[in-house]
Amino acid sequence: MAESVCLVTGGAGFIGCAIAQGLLHRFSRVIALDVLHPQIHPSRQRPAALPDAVELVVGDIVEPSTWTSLLARAKPDAVIHLAAETGTGQSLTDGRRHTLVNVTGTATMLDAFSAVNHVPDQILLTSSRAVYGEGSWKPVGSASIVYPGQRSRAQLANGEWDFRGLVYASTEAASTVPHPVSIYGATKLAQEHILMAWTSSFGGKLKILRLQNVYGPGQALANSYTGIVSLFCRLARSGESVPLYEDGRMLRDFILIDDVAAAMLRTLDVDEAAGETLDVGTGVGVTLEKIARIIADHYGAPEPHVCGKYRFGDVRHATCSVRPTQDILSWQCANDVTVGVGKLATWIETQLPQNN
C-alpha cells in the first residue's frame, strides 16, 4: 500500500492534538509542523496530548527554509492548515505578527508546494467566525438584511451595545457577506481567498470550515487572548465573581472541541465538502451571562456581575446556522454547553493545583 501523508500546520496546538488520533487512523504518516509559540506552549516542549506516532517538526511556516526541509522529507497528500496567530483584540495591537503568520505564512507554504511541483489532494483550512465581523442584521419588522459595520468608539463609550432599530440574524457562509472588524478576522478571510486562488489554478480540493467559539479540554490555560470559557472556569474555581463585559448579553456559539474534531475529520472524508465553505458551531446562541452562570453554578461561585467594560475588535453577537454543514457532512453536535463545561472543568482539575 502506498504511503499516505497528512501535514497539520500548527499541529501541536489545541485543535491539532484533538484531531491527531483520528488522523492516524486515516493516514499512514501524520506530520505536525509547529513553532511551539510560548503563548501556547510556555515550556516549548512537545505537548503530552500529541500522540507519539505523530511526527513533530518544530519550525515557522513563515520561513521558506522550514518548507524546503519539510518537503524534502515528505510530500503531503492532505494538508490541514491550523497555524495562525489568534485573538481578535490582540490583533489590533499586534497586526504585523498576525498578518505575517496568517497571510505571508499561508503564501509561503503554497510557494513551497509550487517550487517542488506538488499539489496536495486536499487542503482543509480552519477559518473563523471572525470573518463575519458584526455580521448581518434585520430592521425591526423587516425581512431585509443590512450590514451595519463596526461599532464606533463613541457608540461603545456611550454604552450603546446594539445597533438601534436592528435585530441580529445568524450568519451562514452561503449568504452572509464577510465584513471583518479585526485584523485577525481580515487575515483569516485573506487565507480563504489565497487558498481559493491557488487551488483554482493548480488543483486540489479546498475545504473551508469557519469555526465558532471553540472550547474544551486541552485548551491553553496560560493564553489570556483565547478561551473565554476556560477563563471563566478559572475565575469561578477561585471563588471569584465572573466579570461580564458590555451588558453580558452578547450572543456566542460555544462548541466543544470534541464536536469540532468530529466535524473536521468528517470533512476530510466527504468529497462533497470540496469547494464548500461551512460554518461549524452548535447552531445555538448563548449569552455570556448564561454561560457564566452555568460555570458559577458548577463551582458554587458568586453570581457573575456586569462590569461595563468593553473591548475593541469584539463583536456584539456571533452565531451561525449549521444546517448546510449538517446536510453536507451528515454531522451534528453531540454536546450542549452544560455538558461541555462539565468536561472542561473536570480536565482543568487535572491541570491546576488545588489551591489555584
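Position 1 is the first residue of the sequence, and the numbers go up from there.
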Find out if a path of hydrophobic residues (ILVMFWY) with successive side-chain heavy-atom gaps under 4.5 Å connects I208 to V131.
-> no
Where the side chain of K207 meets the backbone of V270, is there a donor-acceptor pair that is under 3.5 Å apart?
-> yes
For L124 against M264, the heavy-atom pair lying closest together | CD2-O, 3.8 Å
Between H118 and F113, how do the two ring planes meet: parallel, tilted or perpendicular, split at 30° and 60°?
-> perpendicular
Quick one: do I294 and L256 end up in the same hydrophobic cluster if we chain Ile, Leu, Val, Met, Phe, Trp and Tyr together by side-chain heavy atoms under 4.5 Å apart?
-> yes
Look at D336 together with K290 and state whether they make a salt bridge at an N to O cut-off of under 4.0 Å.
-> no
Answer with yes or no whether the hydrophobic clustering places L56 together with V54; edges join I, L, V, M, F, W, Y residues whose side-chain heavy atoms lie under 4.5 Å apart.
-> yes
D279 and T325: side-chain hydrogen bond (donor to acceptor under 3.5 Å, both in side chains), yes or no, with the steps?
-> CA-CA 6 Å; D279 296 294; T325 308; 5.6 Å; no
Check the pair T187, H98 against side-chain hydrogen bond (donor to acceptor under 3.5 Å, both in side chains), reporting the backbone distance first and the verdict last.
-> CA-CA 7 Å; T187 61; H98 279 73; over 6 Å; no
What class does the angle between the rings of W198 and F202 fall in, given that below 30° is parallel, 30 to 60° is tilted and above 60° is perpendicular?
-> tilted
Worked verdict on R316 versus D162 for salt bridge (charged side-chain N to carboxylate O under 4.0 Å, His left out) | CA-CA 7 Å; R316 178 58 174 168; D162 285 296; 3.0 Å; yes
Where the side chain of R266 meets the backbone of W331, is there a donor-acceptor pair that is under 3.5 Å apart?
-> no
Minimal heavy-atom distance between I295 and A236, with the atoms involved, is CG2-CB, 3.8 Å
Heavy atoms only: give me the nearest Q122-T267 pair and the separation to one decimal.
-> OE1-O, 4.4 Å
How long is the gap from CD1 on I19 to CD1 on I80, to the nearest 0.5 Å?
-> 4.0 Å
Does the T171 side chain pair with the main chain of T319, one donor and one acceptor, at a distance under 3.5 Å?
-> yes
If you draw a 6.0 Å radius around CZ in R73, do more than 12 non-hydrogen atoms from other residues or ligands fall strictly inside?
-> no
For the atom pair OG (S128) and NZ (K188), what is the distance rounded to the nearest 0.5 Å?
-> 7.0 Å
Atom pair CD1 (I123) and CE (M196), whose distance is rounded to the nearest 0.5 Å | 12.0 Å
Judged by atom type as modelled, is there a donor-acceptor pair below 3.5 Å linking the side chain of Q21 to the main-chain atoms of P51?
-> no
So, do T68 and V116 sit near enough that their side-chain heavy atoms are less than 4.5 Å apart?
-> no
When you measure from the side chain of T287 to the backbone N and O of L251, does any donor-acceptor pair fall under 3.5 Å?
-> no
Pairwise side-chain contact, V322 with V280, heavy-atom cut-off 4.5 Å (strictly under) = no
For W161 and L156, run side-chain contact (heavy atoms from CB on, under 4.5 Å): C-alpha distance rounded to whole Å, both residues' side-chain angles, the deciding distance at 0.1 Å, then the answer.
-> CA-CA 6 Å; W161 311 127; L156 294 174; 4.0 Å; yes
If only atom types and distance count, is the side chain of T350 paired as donor or acceptor with the main-chain N or O of W347 below 3.5 Å?
-> yes
Where do T86 and Y184 land on the side-chain contact (heavy atoms from CB on, under 4.5 Å) test, with the steps shown first?
-> CA-CA 6 Å; T86 60; Y184 169 67; 4.1 Å; yes
Does some side-chain heavy atom of I257 sit less than 4.5 Å from a side-chain heavy atom of Q219?
-> no
Is the side chain of N102 donor-acceptor paired with the backbone N or O of Q191 at a distance under 3.5 Å, no angle test?
-> no
F254 vs V341 side-chain heavy atoms within contact, under 4.5 Å = no
Test E172 against R323 for salt bridge (charged side-chain N to carboxylate O under 4.0 Å, His left out), laying out the working first.
-> CA-CA 9 Å; E172 186 174 313; R323 180 57 62 83; over 6 Å; no
Under the 3.5 angstrom rule, does the side chain of T108 hit a backbone N or O of P64 as a donor-acceptor pair?
-> no
Find out if a path of hydrophobic residues (ILVMFWY) with successive side-chain heavy-atom gaps under 4.5 Å connects L288 to V315.
-> no
K138 atom NZ, neighbour heavy-atom count above 12 within 6.0 Å = no
Smallest separation among heavy atoms of D259 and A334, with atom names = OD1-N, 2.9 Å
Q150 side chain to G133 main-chain N or O, any donor-acceptor pair under 3.5 Å?
-> no
Please check if atom CG in N117 has more than 12 non-hydrogen atoms from other residues, nucleotides or ligands closer than 6.0 Å.
-> no
Just how far is it from atom CG of D34 to atom CG of L82, taken to the nearest 0.5 Å?
-> 9.0 Å
pair D258-K343: side-chain heavy atoms closer than 4.5 Å | yes
Could you tell me the separation between the CD atom of Q155 and the CZ atom of F163, rounded to the nearest 0.5 Å?
-> 5.5 Å
T277 vs R210, side-chain contact (heavy atoms from CB on, under 4.5 Å): CA-CA, chis, key distance, verdict = CA-CA 7 Å; T277 299; R210 290 177 177 166; 3.4 Å; yes
On a heavy-atom basis, the closest approach of Q212 and G281 is CG-CA, 4.0 Å
Test item: L166 and P139 side chains (from C-beta on) under 4.5 Å apart, heavy atoms | yes
Closest non-hydrogen atoms of A12 and H41, given as atom of the first, atom of the second and distance, are O-CE1, 3.0 Å
Is any side-chain heavy atom of T176 less than 4.5 Å from a side-chain heavy atom of Y147?
-> yes
Please step through side-chain hydrogen bond (donor to acceptor under 3.5 Å, both in side chains) for the pair R151 and Y310, ending with a clear verdict.
-> CA-CA 11 Å; R151 292 179 294 173; Y310 56 88; over 6 Å; no
Verdict with reasoning, L211 to I15, per side-chain contact (heavy atoms from CB on, under 4.5 Å) | CA-CA 11 Å; L211 308 184; I15 297 177; 3.7 Å; yes
Looking only at atom types and distance, does a side-chain atom of D253 sit under 3.5 Å from a main-chain N or O of G283, one as donor and one as acceptor?
-> yes
In this structure, are over 12 heavy atoms from other groups packed under 6.0 Å from R249 atom CZ?
-> no
Which distance, rounded to the nearest 0.5 Å, do you find between the CD1 of I145 and the OG of S136?
-> 4.5 Å
What about L33 and V103, same hydrophobic cluster or not, with Ile/Leu/Val/Met/Phe/Trp/Tyr joined at side-chain heavy-atom distances under 4.5 Å?
-> yes
Taking C-beta and beyond as the side chain, do P38 and R44 meet within less than 4.5 Å on heavy atoms?
-> yes
